[in-house]
There are 4 protein chains.
Amino acid sequence: MQAPQDTKPRWERRKDARPQELLAAALEQFVERGYAATRLEDVARRAGVSKGTLYLYFANKEELFKAVVRDNIVATIGEAEQDAATFDGPSGELLGALLMKWWEEICATPLGGITKLMLAEGNNFPELAQFYNDEVVARGSSLFTRVLTRGIERGEFRPVDPVVMTQVLIAPVIMLMMWTHSFMPTCDMPQIPPQEFMDVFIATTLRGLKADTP
Amino acid sequence: MQAPQDTKPRWERRKDARPQELLAAALEQFVERGYAATRLEDVARRAGVSKGTLYLYFANKEELFKAVVRDNIVATIGEAEQDAATFDGPSGELLGALLMKWWEEICATPLGGITKLMLAEGNNFPELAQFYNDEVVARGSSLFTRVLTRGIERGEFRPVDPVVMTQVLIAPVIMLMMWTHSFMPTCDMPQIPPQEFMDVFIATTLRGLKADTP
Amino acid sequence: MQAPQDTKPRWERRKDARPQELLAAALEQFVERGYAATRLEDVARRAGVSKGTLYLYFANKEELFKAVVRDNIVATIGEAEQDAATFDGPSGELLGALLMKWWEEICATPLGGITKLMLAEGNNFPELAQFYNDEVVARGSSLFTRVLTRGIERGEFRPVDPVVMTQVLIAPVIMLMMWTHSFMPTCDMPQIPPQEFMDVFIATTLRGLKADTP
Amino acid sequence: MQAPQDTKPRWERRKDARPQELLAAALEQFVERGYAATRLEDVARRAGVSKGTLYLYFANKEELFKAVVRDNIVATIGEAEQDAATFDGPSGELLGALLMKWWEEICATPLGGITKLMLAEGNNFPELAQFYNDEVVARGSSLFTRVLTRGIERGEFRPVDPVVMTQVLIAPVIMLMMWTHSFMPTCDMPQIPPQEFMDVFIATTLRGLKADTP
DNA sequence: AATGAATGAGTTTTCATTCAT
DNA sequence: AATGAATGAAAACTCATTCAT
């Protein structure tokens, strides 16, 4: 008896997988070489297809890049928004979980390379920078801001300015990511153990945020 | 009476100044646009010369970049090595001075952009990365390591591992530099006052390093 | 009771209609965009089939274009040849009918766009130009020439040179066609009423051709 | 003794001539092959330079085409505007001279191919069509309209609608141009002797325009 | 020393054509 | 018969590098 999900002929299953294969290849190539230096032919070869095939799925280099960001980073932000919306427990726990999710699912993976790439090349590709700012930076920041506001309103956090506090939360993580992820491999830089850093950072931050209890 | 260093007629002094003007223009352009995206024509225009003139002084783009690094960062490291070699006073004072020099003359100037650039694009230009590692990272690190060793040998510092300690010294400065250079242009990060940060950092570090006095 | 030409089941009739649908779509696309700028994918989409299907019926773009010309213009010329061959009446009547048929079935329909296209792009596609010249221009011209000869031989027309006279017949019709098809879209040209033009033109021409009757 | 206009070194004189050489090559190529089918490399080769050189003088294909139009057609229109502005004689004479100038300097030269090209491909390149309409069609038409108005105001012409009359003037010339210039060379079309056509056309038109004298 | 015109290899993108299913 | 995914040749455009003057 045949499994119901396998009734399609093989090439059709292949077709459905194509975009994912291309996005995976593109992610690797972008992270390895940067945006400008990535040649679409290399992305295609990496996915085992020809140059032209890429254009069946993505209109151009920019759209390919955006798709990579959407399919990975934006999707993760969406999950995090879901998590936050449905979470019932204490705000500190939520905040810690979000920071950890960000670290583990983005910063500590090859996706961290995308952030590095935007830092390095964003200036030269204003439309990409705009896109990244809107879809990632603004949306991610505002999620943290909302969680902070929630904690303050529920009396769990001290009444800090949630926008400024968001920046204070974000900065060390991005730095750690640059440090861990993207340092020149040839450079003998000091290793910072990321897990410990994040643990200490989150613990410290939550302690600092905790509202005074009389 | 003529200053002894100015015996040449003016237009010849101008000629001698050419390389410096080119290096200055190149530095600005590299910092603004990154290595890959910098067009030599823009460098030339910025220096007020033709593209061809650039090639009279620098064999190619890579050599131009190396020259920028040498003329600025490596030169500063050389001075620092001189300072260290001729300094007679306490090692803590020397160490603090070196950190401060690094901050003030490199990190806090446009040269900081070169470090950011190497972090971002080093992967794509292995030969540049190698050069930067050899001429800047290794040489700078080893200077700090020697000063630490000096301090330990003279009984001024606790007997820490000087190589590891070097990395501990370097990391916060680079982080502060990335921070200050506002590496995420779209992100309005809170300002960290660099001077205070450095003061506190140096003071803390030196206190931590100080050998126990019975 | 079934019509005798409709004995096939419906889906099969549909199948037979395929080439016609494709030719119709191709005609529209060629007229709208010109030969070079017509993309076969657009033709296919317009006909509601896939690009591959096009190649089941036509070997390539050029053959598709030729088929459009054959199926429409050449077919009409064939009919006209039949008409002329079987016509028994006065040559003037025949000539007028042929001119009118040409105008009404070709020039005044979208097929006029094909003529415009050949005028405009023929130079760039010598093989198409050759084909068009052989199948349309030469064949059409020779039909008029034969009718003129017939009229002269039967003593109905003055003894003009039938080849030159053919050219005199053709020119105004093509001009009117170019005019009617508004070949300069940006230019709001005054409308020439084509029916009146053709009526006057044919009447005048026939009067001019009529042999002197003693 | 050296001629004063030849003091420049040879390559510099060459440089000054470059744009003209490129424009001439581009004109030929555009007229021969149409806009879309013209490859910039062929234009370059025709001018005896490399592809890249073209881009030193013209930003892209579109600008090259515009430059061809400006340098030839628009320039001629400018001259005609001058002629018209400074002309003192009877309006009929002026009008006839303008029509003849148009015919001789544009329609009867390779520049006529540019008009054909716009007719054929204008639809596919809206920006070029816009440019051509603004710089050529509108400007040329308005010149004729002004001359007609001048004649009417001076009582030389009957009080026709000058805008409509402009179109009536333009149409036959464009048709003649299409006929003379751009017919498929393989087609045995009747030759219309252009000079005679223009003479008759102008004479007829001026007679028709002449104001009734009591 | 200085110029800047010239080059051509390299990259993105398009589209007629093929072919496995 | 029909599909539509895949291909790759071709063309526009960029820019590091060369070289005649």
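So that the names make sense, note that chain A is the first sequence line, chain B the second, and so on, each numbered from 1. Both backbone and side-chain heavy atoms feed into the values below; hydrogens, waters and symmetry mates do not.
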Protein-proximity profile, nucleotides 7-13 of chain E, B/S/- by nucleotide at the 4.0 Å heavy-atom cutoff, equals BBBBSSB

Those residues at least two apart in sequence (or on a different chain) that pass side chain to side chain contact (heavy atoms under 4.5 Å, CB included) with D/Tyr55 are D/Leu40

Output for pair (A/Asp42 CG, A/Glu28 CD), nearest 0.5 Å, gives 12.0 Å

Sorted by chain and residue number, the side chain to side chain contact (heavy atoms under 4.5 Å, CB included) partners of C/Asn124 (sequence neighbours excluded) come out as D/Arg33

Whole-Å distance, C/Tyr57 OH to E/dT17 C1', equals 18 Å

Applying salt bridge (charged side-chain N to carboxylate O under 4.0 Å, His left out) to A/Lys51 and not counting sequence neighbours gives none

Side chain to side chain contact (heavy atoms under 4.5 Å, CB included) filter on B/Ala24, not counting sequence neighbours, yields none

To the nearest angstrom, the CG-P distance between B/Leu64 and F/dT17 comes to 10 Å

Its dot-bracket string being built from Watson-Crick and G-U pairs below 3.5 Å, with | for another strand and [ ] for crossing, DNA chain E has the pattern .||||||||||||||||||||

Across all chains, not counting sequence neighbours, the salt bridge (charged side-chain N to carboxylate O under 4.0 Å, His left out) partners of B/Glu32 are B/Arg46

Between CZ of C/Phe65 and C1' of E/dA16 the distance, given in whole Å, is 17 Å

Taken in chain and number order and not counting sequence neighbours, the residues that satisfy salt bridge (charged side-chain N to carboxylate O under 4.0 Å, His left out) with C/Glu63 are C/Lys66

Atom CD of D/Glu21 and atom C1' of E/dA5 are separated, to the nearest Å, by 13 Å

D/Leu22 atom CG is separated from E/dA5 atom P, nearest whole Å, by 12 Å

B/Asp71 meets the side chain to side chain contact (heavy atoms under 4.5 Å, CB included) criterion, sequence neighbours left out, with B/Gln20, B/Leu23

